[in-house]
Amino acid sequence: MSILRYLAAPLSPLYGMVVRARNRSFDAHPERISRVSVPVVSIGNLSAGGTGKTPLTLFLAEGLEAAGWTNTVLSRGYGGRRDIDPMSVEADSDSRQSGDEPLLMARRLGPERMVVGRKRHAAALRALAQRPNLSCLLLDDGFQHRALHRDLDLLVLDGVRLWGNGRMLPLGDLREPVDSARRAHALVITRAARVKDRARVEAWWDRHGSGGPLFWVDFTLGALRRWGTGDHSPLPLPGMGSAFAWCGLGHPEAFYADLLVAGQAWAGTHSYPDHQGPSPAGLAWLQAKARDAGAAWLVCTEKDAVKLGPGHLSALELPLYVAEQHVVGGEPLLAWVLTGLARLAARSASADQQPLLELGQEPAADGHKLP
């Protein structure tokens, strides 16, 4: 345990009391929950950062759109400071206003596909105003944001760290007690190939979960993109020697391990706090550190790259590559989400236009409850 966590240990019970009281309030007063005219799919977690929500959200957003379910992603825009809130995020937006992950998703998904806002209901209304024919909304990092009704609630659990020591912040990494998992309609285990004991995870879900399905997915680094030119190269990068890896993630060790799994050796690493990255002067310092380690080039994540600008390009002397991450094995999860949305839509139509948000309380035909 770090010294800061040790000093903050007395706050952990108080934090737990506040979280439990807040959840009881939402349970007792459902009128506090705002609703919108289209179904909402939430992707969130119990722990603080680093579970892989962003690539999973992108995978679902792209898969649903391809299947005809037009969608926009809603996010809080953590770390962004903006004068207008909610804010539509486009490819040319400033990450200092939107936050890094929303800008990454906007560049991947295209125009009018990303809205950030501290109040997710207001963000949803903005998304529906700019795209009136939306079929659904995706709520990024939405498990704790109970003020917006969701029709499907996906809980994401990192397969390496799982639920950590089972304690809440600041003694552990949990934002909520593990029993909150019963609100989720499905559990998604990321980095599944690294799970040492799947039976243990299944037992945890049986004890704390809702009885919904459990999905196992992995992430792979499929290619490298040269920052500044956009040229693509295979991974591992041939004939370039060792890399120097850096990132600003909630769980940086996962990125460094993903590089090794992909066969890419690195001579050293440097981690920034989540959502942070180097200034142009800091990038020059990183390059000096890379040279001292014997590395010939730098590599970072897509989330880190969106924070870089012209000043960084001027300071860049070593080649910098961006590792592109993709979801593997997510097809069963996508199919389940599509089936759930289709059932909700069918019930809405068969009930003489009864509001979808009321129909969502019915159990699904396979026994898994929809919210």
Side-chain angles (χ1 to χ4, degrees), residues 1-6 44-58 78-79 100-101 104 141 156-175 188-198 200-201 216-224 235-237 242-278 282-283 285-286 289-290 292-295 297-307 320-329:
M1 183 188 301
S2 70
I3 185 64
L4 290 178
R5 286 198 171 187
Y6 178 80
N45 57 1
L46 286 177
S47 60
T51 60
K53 294 185 303 297
T54 298
L56 191 63
T57 301
L58 282 168
Y78 183 83
D100 48 15
E101 290 165 339
L104 164 61
D141 196 13
V156 185
L157 193 67
D158 175 62
V160 176
R161 296 183 300 159
L162 297 176
W163 45 88
N165 60 11
R167 296 180 177 181
M168 295 183 63
L169 293 167
L171 279 176
D173 293 324
L174 293 179
R175 299 175 178 177
V188 184
I189 306 297
T190 59
R191 302 183 178 94
R194 301 184 204 173
V195 177
K196 297 179 180 179
D197 187 352
R198 290 198 174 192
R200 181 180 175 224
V201 177
W216 305 85
V217 302
D218 275 295
F219 302 130
T220 182
L221 300 179
L224 294 172
L235 196 154
L237 191 62
S242 296
F244 186 89
W246 62 273
C247 65
L249 305 176
H251 184 29
E253 294 81 7
F255 172 54
Y256 306 142
D258 285 344
L259 286 170
L260 296 177
V261 169
Q264 181 58 65
W266 39 260
T269 66
H270 182 76
S271 303
Y272 293 92
D274 196 13
H275 302 286
Q276 297 185 26
L283 185 60
W285 177 84
L286 276 177
K289 191 171 181 179
D292 290 343
W297 54 286
L298 306 175
V299 60
C300 67
T301 72
E302 293 177 281
K303 174 179 169 179
D304 298 298
V306 299
K307 294 189 286 286
L320 171 60
Y321 285 86
V322 181
E324 297 183 339
Q325 189 178 53
H326 304 283
V327 172
V328 177

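Treat the numbers as computed from the prediction; the structure is a model and nothing was measured. Numbers here are sequence positions counted from 1.
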Chi angles and distances behind the side-chain contact (heavy atoms from CB on, under 4.5 Å) call for Arg175, Asn45:
CA-CA 8 Å; Arg175 299 175 178 177; Asn45 57 1; 3.5 Å; yes

Kindly indicate whether the side chain of [X], heavy atoms from C-beta on, has any atom under 4.5 Å from the side chain of [Y].
X      : Y      : value
Glu302 : Thr54  : no
Leu46  : Leu157 : no
Val261 : Phe219 : no
Glu253 : Thr269 : no
Lys289 : Trp246 : no
Tyr272 : Leu286 : yes
Gln325 : Leu58  : no
Asp292 : Phe244 : no

Is there a side-chain contact (heavy atoms from CB on, under 4.5 Å) between Leu298 and His270 once you walk through the steps?
CA-CA 11 Å; Leu298 306 175; His270 182 76; over 6 Å; no

Return the [atom1] to [atom2] distance between [X] and [Y], rounded to the nearest 0.5 Å.
X      : Y      : atom1 : atom2 : result
Leu224 : Cys300 : CG    : SG    : 10.0 Å
Leu104 : Thr57  : CG    : OG1   : 10.5 Å
Asp158 : Ile189 : CG    : CD1   : 9.0 Å

Can you see which heavy atom on [X] is nearest to which on [Y], and at what distance?
X      : Y      : value
Leu249 : Pro252 : O-CD, 3.5 Å
Gly248 : Asp274 : O-OD1, 3.5 Å
Lys307 : Gly277 : CE-N, 4.0 Å
Arg194 : Ala257 : NH1-CB, 3.3 Å
Ala262 : Leu235 : CB-CD2, 2.9 Å
Asp173 : Arg161 : OD2-NH1, 4.0 Å

Using a 3.5 Å distance criterion without hydrogens, assess whether the side chain of [X] forms a donor-acceptor pair with backbone atoms of [Y].
X      : Y      : result
Tyr256 : Gly268 : no
Thr190 : Thr51  : yes
Asp218 : Ala192 : yes

List the steps, then state whether side-chain contact (heavy atoms from CB on, under 4.5 Å) holds for Gln264 with Val299.
CA-CA 10 Å; Gln264 181 58 65; Val299 60; 5.8 Å; no

Under 30°, 30 to 60°, or over 60°: which ring-plane class applies to His275 and Tyr78, parallel, tilted or perpendicular?
tilted

